[in-house]
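Here's the structure we're looking at; comments come further down.
This chain uses plain numbering: 1 for the first residue, then up along the sequence.
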Amino acid sequence: MSALLITNISSLIGTHPQNTLMLRGKQMQELPAVDNAWILCEDGKIADFGTMDNLPAQLPNALHTHNAKGGFVFSSWCDSHTHIVFAAPREEEFVMKIDGKSYEEIAAAGGGILNSARKLQLASEEELYESAAIRLNDMIRQGTGAVEIKSGYGLSTDSELKMLRVVRRLKENFPIPVKASFLAAHAYPAEYKNDHAGYLKLITEVMLPRVAEEGLADYMDAFCEQGFFSVEDTDRLLTEAARYGLKPKIHANQLSISGGVQVGVKHHAVSVDHLEVTDDAVIESLQSGNTIATLLPSCSFYINIPFANARGLMNADVPVAVASDYNPGSTPSGNMNLVVSLACIKLRMRPEEAINAATLNGAAALEMSGQTGSIAKGKMANLFITRKMPSLAFLPYSFGQSQIETIVLNGKIS
């Protein structure tokens, strides 16, 4: 494999010490960088980097050189919360939102998750793969270099397995790491509307063993929320999932103070995601462990719900990540550049904090921060090169307009 040398980098962003695997609270303000830099990639990994006045005289023989022309180089975005396997968009609900219908009202009218489930059950695995592959390719072109993908629009054994097999195919066929979450506990199917115990039994006694047998998931997820899965339901699901080696990553506190964060912490969840609604008890529950608060500002933006209290979490030294929540109903976008901008504009995160949340802490929420998420020797050479920019803050400042010029995946210009 030929090596890649990128030269004339205005600033190489995120050169955290190699043993820094997660940033808590105030640490997120620190985003080390090397100015007037070069970086060398070999065998798909970062081999070395430094300043242009110390460019090594001895370089690999098979070497491709790329001039960054004063652009910035970042470690790729790590998007740790997505739902990109779905059968069809839901733009009809977009119009309902414009007309003032709430998330709950749309669900009650037959929209929402059950709408996606009906469409997905009719779609073939091949159709699902082809549409998800287009979405994932778009995300990669926008700088994403690692991703988590959830099931949850199947809500039946066959359809949940179908979704997770599509995720496995994406994992096999794309050049970035893909993690899978089993989210059958996304909503109660219509046939179990009055038999919640029956659906929980189906998940724990039928679906989970099949998912584990085929090795289809890394994580167990549940939508712990009023009108969806209770704290007791979630506690039971996470307990059963642990028997099969699936770690928790759960939806919590999107619409109410649900107790979901606390049950996630109780089960040592890798992350608790959403947290648009928090109180002091929620923040205190996250202070002692390593559970990451993954915030989804583009979801709040799209469905007009409160934005998460990022500042309160960071002031309490909680590790915070941001992710896209790309899905057909509440966030039909996987653009992590916009997510980082919204983290600054709406979550009041400084550019350094937002970028750390979308890179190193996003990687930690994928349990991959030892392999990606920052510029360190031995990490995956998944990078992006921007146009020439006046400063770091220009990237989130120029919201809605990508500054990315070149994508590097596994040490190759893509």
Side-chain angles (χ1 to χ4, degrees), residues 19-25 27-28 78 80-81 146 148-152 177 179-186 200 203-204 207-209 211-212 215-225 228-254 257-275 277-296 308 310 312-314 316-323 357 360-373:
N19 60 353
T20 300
L21 302 180
M22 185 173 72
L23 300 167
R24 303 188 69 95
Q27 295 174 334
M28 295 176 63
C78 296
S80 62
H81 183 127
E148 178 261 16
I149 307 171
K150 303 177 189 298
S151 68
K179 291 289 187 84
S181 292
F182 173 50
L183 180 56
H186 202 189
L200 291 172
I203 293 173
T204 57
M207 294 190 196
L208 257 174
V211 169
L216 291 173
D218 303 289
Y219 304 108
M220 177 72 180
D221 202 337
F223 188 17
C224 186
E225 186 56 74
F228 292 87
F229 292 80
S230 69
V231 168
E232 293 75 24
D233 294 340
T234 303
D235 188 39
R236 177 183 168 191
L237 289 165
L238 299 185
T239 299
E240 289 298 314
R243 295 177 51 220
Y244 295 95
L246 298 187
K247 297 180 181 181
K249 278 174 69 74
I250 68 169
H251 290 59
N253 290 46
Q254 180 180 0
I257 300 289
S258 66
V261 171
Q262 287 89 336
V263 76
V265 171
K266 171 188 171 183
H267 286 269
H268 307 288
V270 175
S271 68
V272 286
D273 302 11
H274 274 290
L275 277 63
V277 187
T278 57
D279 58 10
D280 290 344
V282 165
I283 293 174
E284 287 168 14
S285 72
L286 288 163
Q287 285 183 285
S288 56
N290 288 320
T291 295
I292 296 166
T294 298
L295 311 182
L296 311 170
L313 289 161
M314 290 188 296
D317 260 2
V318 173
V320 171
V322 294
L360 189 60
N361 278 7
L366 294 168
E367 298 185 292
M368 291 200 67
S369 56
Q371 294 85 47
T372 189

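- In terms of heavy atoms, Cys78 sits closest to Ala363 at CB-N, 3.5 Å.
- For the atom pair Leu237 CG and Cys224 SG, the distance stands at 9.5 Å (nearest 0.5 Å).
- Atom CG of Asp317 and atom CE of Met28 lie 11.0 Å apart (nearest 0.5 Å).
- Counting all heavy atoms, side chain and backbone alike, Ala310 lies closest to Leu295 at CB-CD1, 3.6 Å.
- Pairs of residues two or more places apart, or lying in two chains, that qualify as salt bridge (Lys or Arg N to Asp or Glu O under 4.0 Å) and include a residue from residues 263-275 are Asp235-Lys266.
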For the pair Leu275 and Leu286, evaluate side chain to side chain contact (heavy atoms under 4.5 Å, CB included) and give the outcome as yes or no after the intermediate values. CA-CA 11 Å; Leu275 277 63; Leu286 288 163; 3.9 Å; yes
Verify side chain to side chain contact (heavy atoms under 4.5 Å, CB included) between Thr20 and Gln27, making sure each step is shown before the conclusion. CA-CA 11 Å; Thr20 300; Gln27 295 174 334; over 6 Å; no
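- Side chain of Asn361 to main chain of Ala364: no donor-acceptor pair is present (N/O by atom type, distance under 3.5 Å, no hydrogens or angles).
- Side-chain contact between Ile203 and Met220: present, with at least one pair of heavy atoms (C-beta onward) separated by less than 4.5 Å.
- Although no hydrogens or angles enter the test, the distance criterion places a donor-acceptor pair under 3.5 Å between the side chain of Gln287 and the main chain of Ala316.
- How far CG of Leu238 is from NE2 of His267: 5.0 Å, rounded to the nearest 0.5 Å.
- The pair Asp218-Lys179 fails the salt-bridge criterion, with no side-chain N (NZ, NE, NH1 or NH2) lying under 4.0 Å from an Asp/Glu carboxylate O.
- Although no hydrogens or angles enter the test, the distance criterion places no donor-acceptor pair under 3.5 Å between the side chain of Gln262 and the main chain of Ser285.
- Here the side chains of Leu208 and Leu246 are in contact, with some heavy-atom distance below 4.5 Å.
- Once rounded to the nearest 0.5 Å, the distance linking OG of Ser181 with CD of Glu148 reads 3.5 Å.
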Evaluate side chain to side chain contact (heavy atoms under 4.5 Å, CB included) for Tyr219 paired with Val270, printing each intermediate quantity in order. CA-CA 9 Å; Tyr219 304 108; Val270 175; 3.9 Å; yes
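- Distance CG/Leu23 to CD1/Ile292: 10.0 Å, rounded to 0.5 Å.
- Thr278 is not listed as a side-chain neighbour of Val261, based on a closest heavy-atom distance of 4.5 Å or more.
- Taking CD1 of Ile250 as the reference point, atom NE2 of His274 lies at 11.0 Å (rounded to 0.5 Å).
- Contact record, Thr372 with Leu360: O-CD1, 4.4 Å, taken as the closest heavy-atom pair.
- Of all heavy-atom pairs spanning Phe229 and Thr234, the tightest one is O-OG1, 3.9 Å.
- By the side chain to side chain contact (heavy atoms under 4.5 Å, CB included) test, Glu232 pairs with Ser230, sequence neighbours left out.
- Leu313 approaches Ala293 most closely through the heavy-atom pair CD1-CB, 4.1 Å.
- Of the listed residues (His186, Lys249, Lys150), just one forms a side-chain hydrogen bond (donor to acceptor under 3.5 Å, both in side chains) with Asp221, and that residue is Lys150.
- Heavy atoms only, all atoms of each residue included: Ala184 and Ser151 are closest at N-OG, 4.1 Å.
- Residues satisfying the ring pair (Phe, Tyr, Trp, His ring centres under 6.0 Å) test with Phe228, not counting sequence neighbours, are Phe223.
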